[in-house]
Every structure is written in structure tokens, then in C-alpha cells.
Amino acid sequence: MIPSTTAETILVVDDDRPLRELIEVILMRAGYEVLTAADGDEALQCARDTERIDLLVTDLEMPGMEGCELASRFAAFHPSAPVVFATTLTRRIETTEPCTFLAKPFTTDELRGAVRRALRMSPVFAENAFAT
């Protein structure tokens with residue numbers, strides 16, 4: 001895979017530390033800047049403290065604050081950032097955020113593909129892709 005040349009910043013949120021760290025390594029090796037959080041509260045603090053986050057990758061089922069609520073609250077800080085929901089759920093969920101779903105367990109290629117698709121949904125990415 002060709003590394004990202006724009007160094008998009010991705011916030012990864014998952015209560016499963018080994019999985020969160022694995023996602024972080026995969027995305028860093030793909031050329032992204034990666035921030036991590038163990039839960040929704042930590043993620044929102046990171047969102048408040050970070051000027052630019054281009055994508056939120058979050059587990060749907062977490063203790064305390066589930067991924068849908070996190071995505072909704074995260075949008076207040078980074079409204080143009082799309083969301084990748086990583087989940088084992090098979091039921092449909094309702095969200096108003098632009099999102100992509102990634103079924104757990106996933107491969108490295110599936111993760112990178114979901115991130116690329118989600119970043120293409122971002123209005124900021126779309127504007128920059130056509131800039132001359």
C-alpha cells in the first residue's frame with residue numbers, strides 16, 4: 001500500500017487495548033497520524049484538545065458511551081470528519097453521521113480500505129482532492 005501523503009489524523013477508540021494498539025500500528029504504517037482513546041470520554045477530551053481530526057474509527061459497543069453517541073458528540077468538535085464503526089453487531093443501527101461499517105474481525109486490508117472509503121466521504125478531503 002502507498003502511504004498517505006497528507007498525513008490525515010485519525011482518532012481510534014476501542015476499549016480492547018490490544019486491538020486499539022494493533023489498529024494504531026496498521027494505520028501509522030499506512031502513513032496516517034493516529035491518536036487513541038480507550039473510551040468515549042477520553043475520545044471527547046482528545047477531540048476538544050486536537051485542532052484537526054480527519055476521521056473517527058470507533059468500536060460501537062463500549063462501556064459507558066457507545067460508538068453512536070460518541071460519533072454524535074464528536075461531530076460537535078469535528079463536523080466534517082466521517083466515522084468508521086468497527087463492530088461485531090449484525091443489527092442495523094441509526095446514525096446521522098457520515099459513516100462506514102467495518103465488521104470485526106477484519107483484516108489489515110479491510111481496515112485500510114474502510115479508512116480510505118471513509119476519508120473520501122469527508123468534504124475536506126473531497127475539496128483537497130480536486131484543488132489545483
Side-chain angles (χ1 to χ4, degrees):
M1 171 179 179
I2 298 171
S4 168
T5 56
T6 58
E8 293 94 345
T9 300
I10 300 172
L11 175 57
V12 175
V13 186
D14 200 303
D15 57 309
D16 180 340
R17 191 182 79 185
L19 179 57
R20 183 175 65 247
E21 290 173 352
L22 178 61
I23 293 170
E24 177 183 22
V25 168
I26 291 167
L27 295 178
M28 286 176 64
R29 287 184 180 168
Y32 299 104
E33 296 290 328
V34 181
L35 307 169
T36 62
D39 59 35
D41 290 330
E42 189 178 330
L44 290 176
Q45 185 62 49
C46 184
R48 274 190 284 281
D49 296 343
T50 305
E51 184 177 330
R52 185 181 127 217
I53 298 176
D54 301 296
L55 177 66
L56 172 64
V57 176
T58 183
D59 188 4
L60 261 175
E61 297 180 294
M62 295 183 291
M65 184 185 314
E66 291 196 349
C68 287
E69 180 183 353
L70 170 59
S72 178
R73 293 175 65 186
F74 173 86
F77 301 102
H78 301 279
S80 64
V83 180
V84 172
F85 288 113
T87 183
T88 57
L89 290 178
T90 55
R91 67 176 167 81
R92 185 183 171 134
I93 67 155
E94 298 295 324
T95 181
T96 58
E97 309 311 318
C99 66
T100 299
F101 290 90
L102 179 62
K104 289 181 179 180
F106 48 81
T107 66
T108 298
D109 287 340
E110 289 169 336
L111 171 62
R112 291 186 300 212
V115 165
R116 282 192 307 271
R117 283 190 305 279
L119 285 169
R120 280 190 223 118
M121 285 192 280
S122 169
V124 173
F125 180 82
E127 289 171 15
N128 291 338
F130 298 105
T132 57

message: Working note: Ile53 + Phe74, criterion side-chain contact (heavy atoms from CB on, under 4.5 Å); need CA distance, chi angles, decisive distance, verdict.
response: CA-CA 10 Å; Ile53 298 176; Phe74 173 86; 3.6 Å; yes

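- A 4.5 Å side-chain heavy-atom check between Leu35 and Thr50 finds at least one atom pair inside the cut-off.
- The minimum heavy-atom distance between Cys46 and Leu11, with the atom names listed, is SG-CD1, 4.0 Å.
- Listed for the Arg117 side chain is a donor-acceptor partner under 3.5 Å among the backbone atoms of Gly113.
- Taking every heavy atom of both residues into account, Arg112 and Ala30 meet most closely at CD-CB, 4.1 Å.
- Shortest non-hydrogen contact noted between Pro82 and Ala118 is CG-O, 3.0 Å.
- Distance check, rounded to the nearest 0.5 Å: CZ of Arg52 to NE2 of His78 gives 10.5 Å.
- Here the shortest heavy-atom pairing between Arg73 and Met65 reads NH1-CE, 3.1 Å.
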message: Does Glu110 form a side-chain contact (heavy atoms from CB on, under 4.5 Å) with Leu102? I'd like the steps, not just the answer.
response: CA-CA 8 Å; Glu110 289 169 336; Leu102 179 62; 4.1 Å; yes

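- Partner Leu111 forms a side chain to side chain contact (heavy atoms under 4.5 Å, CB included) with one of Leu22, Val84, Ile23 and no other, that one being Ile23.
- Contact of the Leu70 side chain with the Met62 side chain is registered, since non-hydrogen atoms from C-beta on lie closer than 4.5 Å.
- A salt bridge links Lys104 with Asp14: at least one charged nitrogen is closer than 4.0 Å to a carboxylate oxygen.
- Counting heavy atoms from C-beta outward, Glu24 and Val34 have side chains that approach closer than 4.5 Å.
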Candidate pair Phe106 and Leu19, rule side-chain contact (heavy atoms from CB on, under 4.5 Å), full reasoning: CA-CA 11 Å; Phe106 48 81; Leu19 179 57; 4.1 Å; yes

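- Within the 4.5 Å cutoff, the side chain of Glu61 has heavy atoms near those of the Thr88 side chain.
- Ion pair Glu21/Arg17 flagged as a salt bridge, since at least one NZ, NE, NH1 or NH2 atom sits closer than 4.0 Å to an Asp/Glu carboxylate oxygen.
- With values rounded to the nearest 0.5 angstrom, Glu66 atom CD is found 8.5 Å from Glu69 atom CD.
- Shortest non-hydrogen contact noted between Phe85 and Ala71 is CZ-CB, 3.8 Å.
- In this structure, Asp54 contributes its side chain and Thr9 its backbone to a donor-acceptor pair below 3.5 Å.
- Hydrophobic clustering (ILVMFWY, side-chain heavy atoms < 4.5 Å, transitive): Ile10 and Met28 are in one cluster.
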query: Taking it one step at a time, do Leu119 and Tyr32 satisfy side-chain contact (heavy atoms from CB on, under 4.5 Å)?
result: CA-CA 11 Å; Leu119 285 169; Tyr32 299 104; 3.6 Å; yes

